[in-house]
Amino acid sequence: MNHVLVIGSLNMDFDVYTSHRPEPGETVMGKSMKMVPGGKGANQAYALARMNVKTAMIGAVGDDPFGQMLIHNLQTAGVDTSSIRLSSQETGKAFIEIDEQGQNYITVIAGANHDLDETLLLDHLDLFEQADAIVMQLEIPLPIVCQAAKLCRQKGKLLILDPAPAVKDLPTDLFPLVDIAKPNETELSILTGMPTNTREEIVSAAKKLHAMGVKNVMVTLGGKGTLLVQDSGIREFPAYPVKAVDTTAAGDCFLASFLSQFDGQDFSAAIDFGAKAAAIAVTRPGAQSSIPSYEEVCRFSPQSR
Ligand code: RIB
C-alpha cells in the first residue's frame, strides 16, 4: 500500500520492567521504568511511516506536554499529524508491566482518545479519498469506528481492523465491512465467544469470525506465527524465533509492516515481512522505540539474531 490513513489512539506509555507480575497483594521491586510514545493507532502509523508508506493519522491528544511529545515523535517518522485534534482532555496513557519473558500487561486510560467525534471524520474526508487503505483499532469510541468503516466502504477503500482491546458483542454490521481483521488468540476468543486454547479451537474461532463477515481473518499467535482464514482456505505462516525482551507493540509493528508490503492480493510475502519486523521489535524495549526501519527489516535474517 502506498498511502494509508490510521484512525486511532495515541498514548504515553509508562513501562515498568519487573522479574514477574505481582500476585494479588504482592509487592515486586521493579528493575527499571521508561516513558515511551505508544498507543495502538500511533504505533501503527509510526511503523507504516518507518516502512516508507505515506501515512496520515486522525486522533486526539491533550493540549499538554505528553500530547506534544507524541505528535513530535510521529512527525520524526514522517506521519502527517495535521488531523490530530488537541483536546481539552488529558493525553491518553498506558501503564505497562513487562516481565522477564518480555510478556506485557497493559492498562489504558483513554483520556483524549475518547474525544473523537463525527466532525473530525467529516472534516477530513480528503484523507479517506487519498488513502489506499484505512487502519483502525478499538481504543477510540466504537461509534466512530463504525462510522469510519461505513465511509471506508462508500469510498471503496480497504479496511483493516485490529480488534484490540477486544470487546464482546461488537455490532454485527461492522464485520462485513472489514477486509482484514488481525486479532490475537485472546481477542479472537472474546470476539467469537469461543475458546482458543488449542490450534483446532483457534481455527474454529477464526472460521466463525470469517463466517460473521470478515473477509480475511489473520490471527497473530506470537512465537507460533500467523494463521490466515479466507474463502480460499486456511494457511499458516511461521514466526522467526528470537529472544524477546519486550513484546509491547509487536502486533502493531507486524500489522503495519505487513500492510506496507500488501498489494491487495499476495498475503504470503507481506506476512513474512511483517513477521521479520515483529521479530526485530520484540528484541527492543518500548512501543514506538522498538519499531525498525524498512532497511533493517530487509537486512534481517534468522541467523542475524
Ligand atoms: O499495542 C501496544 C499499545 O497498546 C501500547 O503502546 C499502549 O499504549 C496500548 O495502546
Side-chain angles (χ1 to χ4, degrees), residues 6-17 21 33-50 57-62 64 66-67 69-74 77 79 84 89-99 102-116 135-142 144-145 160-167 181-188 190 218-222 244-259 274 277-292:
V6 178
I7 306 174
S9 58
L10 301 96
N11 297 325
M12 185 55 83
D13 289 357
F14 296 87
D15 296 346
V16 174
Y17 294 87
R21 196 183 191 200
M33 198 243 150
K34 267 188 182 7
M35 201 174 79
V36 182
K40 294 183 196 306
N43 296 343
Q44 291 168 15
Y46 183 89
L48 280 157
R50 294 274 282 160
M57 179 163 187
I58 293 180
V61 293
D64 53 35
F66 289 154
M69 287 159 82
L70 294 178
I71 289 177
H72 175 74
N73 206 53
L74 289 178
V79 177
I84 295 180
Q89 296 185 42
E90 282 181 15
T91 295
K93 296 174 187 66
F95 299 90
I96 308 181
E97 288 167 89
I98 300 114
D99 69 18
Q103 189 52 256
N104 62 72
Y105 305 87
I106 307 181
T107 305
V108 172
I109 302 294
N113 292 308
H114 276 184
D115 191 18
L116 294 187
V135 178
M136 290 192 284
Q137 322 74 32
L138 299 177
E139 286 183 336
I140 57 172
L142 192 52
I144 298 300
V145 173
I160 296 94
L161 180 67
D162 179 6
V167 284
K182 185 214 72 72
N184 61 26
E185 314 91 300
T186 312
E187 290 151 0
L188 181 64
I190 295 170
M218 198 164 68
V219 188
T220 48
L221 305 167
V245 301
D246 183 351
T247 53
T248 309
D252 301 329
C253 181
F254 170 84
L255 175 59
S257 307
F258 155 80
L259 193 56
I280 298 173
V282 299
T283 63
R284 299 174 178 174
Q288 285 163 43
S289 52
S290 71
I291 291 169

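These figures come from a predicted structure and were not determined experimentally. Every number for a ligand or one of its atoms is a count from 1 in the order of the listing.
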Worksheet item: Going by distance alone, is a donor N or O of one side chain under 3.5 Å from an acceptor N or O of the other, for D99 and Y17?
Response: no
Discussion item. Please list the nearest protein heavy atom to atom 7 (C) of ligand 1 with its residue and the distance rounded to 0.1 Å.
Written reply: D13 OD1, 3.4 Å
Response to the item:
For A287, the atoms of ligand 1 under 4.0 Å from one of its heavy atoms are 6 (O)
Worksheet entry | No-hydrogen, no-angle side-chain donor-acceptor test under 3.5 Å, N104 and T247 | yes
Worksheet item: Mind checking whether L138 and V167 have side chains closer than 4.5 Å, heavy atoms only?
Response: yes
Worksheet item: Taking NZ, NE, NH1 and NH2 as the nitrogens, is one of them in D252 or K40 under 4.0 Å from a carboxylate oxygen of the other?
Response: no
Discussion item. Can you tell me how the ring of F14 sits relative to the ring of F66, calling it parallel under 30°, perpendicular over 60° and tilted otherwise?
Written reply: perpendicular
Discussion item. Polar contacts were defined as any N/O atom of the residue lying under 3.5 Å from an N/O atom of the ligand; does this apply to S9 and ligand 1?
Written reply: no
Discussion item. So for A249, does at least one of its heavy atoms come nearer than 4.0 angstrom to any atom of ligand 1?
Written reply: yes
Discussion item. Walk me through whether D15 and K34 qualify under salt bridge (charged side-chain N to carboxylate O under 4.0 Å, His left out).
Written reply: CA-CA 5 Å; D15 296 346; K34 267 188 182 7; over 6 Å; no
Practice prompt. Check each heavy atom of N104 against ligand 1 and say whether those closer than 4.0 Å belong to the side chain, the backbone, both or neither.
Written response: neither
Discussion item. Give me the residue, atom name and distance of the protein heavy atom closest to atom 1 (O) of ligand 1.
Written reply: D252 OD2, 2.8 Å
Practice prompt. Report the nearest protein non-hydrogen atom to atom 3 (C) of ligand 1: residue, atom name, distance rounded to 0.1 Å.
Written response: N43 ND2, 3.7 Å
Worksheet item: Under 4.0 Å from any heavy atom of A94, which atoms of ligand 1 are there?
Response: 7 (C), 8 (O)
Worksheet item: Within less than 4.0 angstrom of ligand 1, does G39 place any heavy atom?
Response: yes
Fill in: Criterion side-chain contact (heavy atoms from CB on, under 4.5 Å) on V245 and V282, from CA distance to verdict
CA-CA 6 Å; V245 301; V282 299; over 6 Å; no
Worksheet entry | Under 3.5 Å: N/O of K40 near N/O of ligand 1 | yes
Worksheet item: With atoms numbered from 1 as shown, which atoms in ligand 1 lie under 4.0 angstrom from a non-hydrogen atom of G38?
Response: 6 (O), 8 (O)
Practice prompt. List the closest protein heavy-atom neighbour of atom 10 (O) of ligand 1: residue, atom name, distance to the nearest 0.1 Å.
Written response: E139 OE2, 2.7 Å
Worksheet, complete the sentence: When rounded to the nearest 0.5 Å, the distance separating CD of Q89 from CG of D64 is 11.0 Å
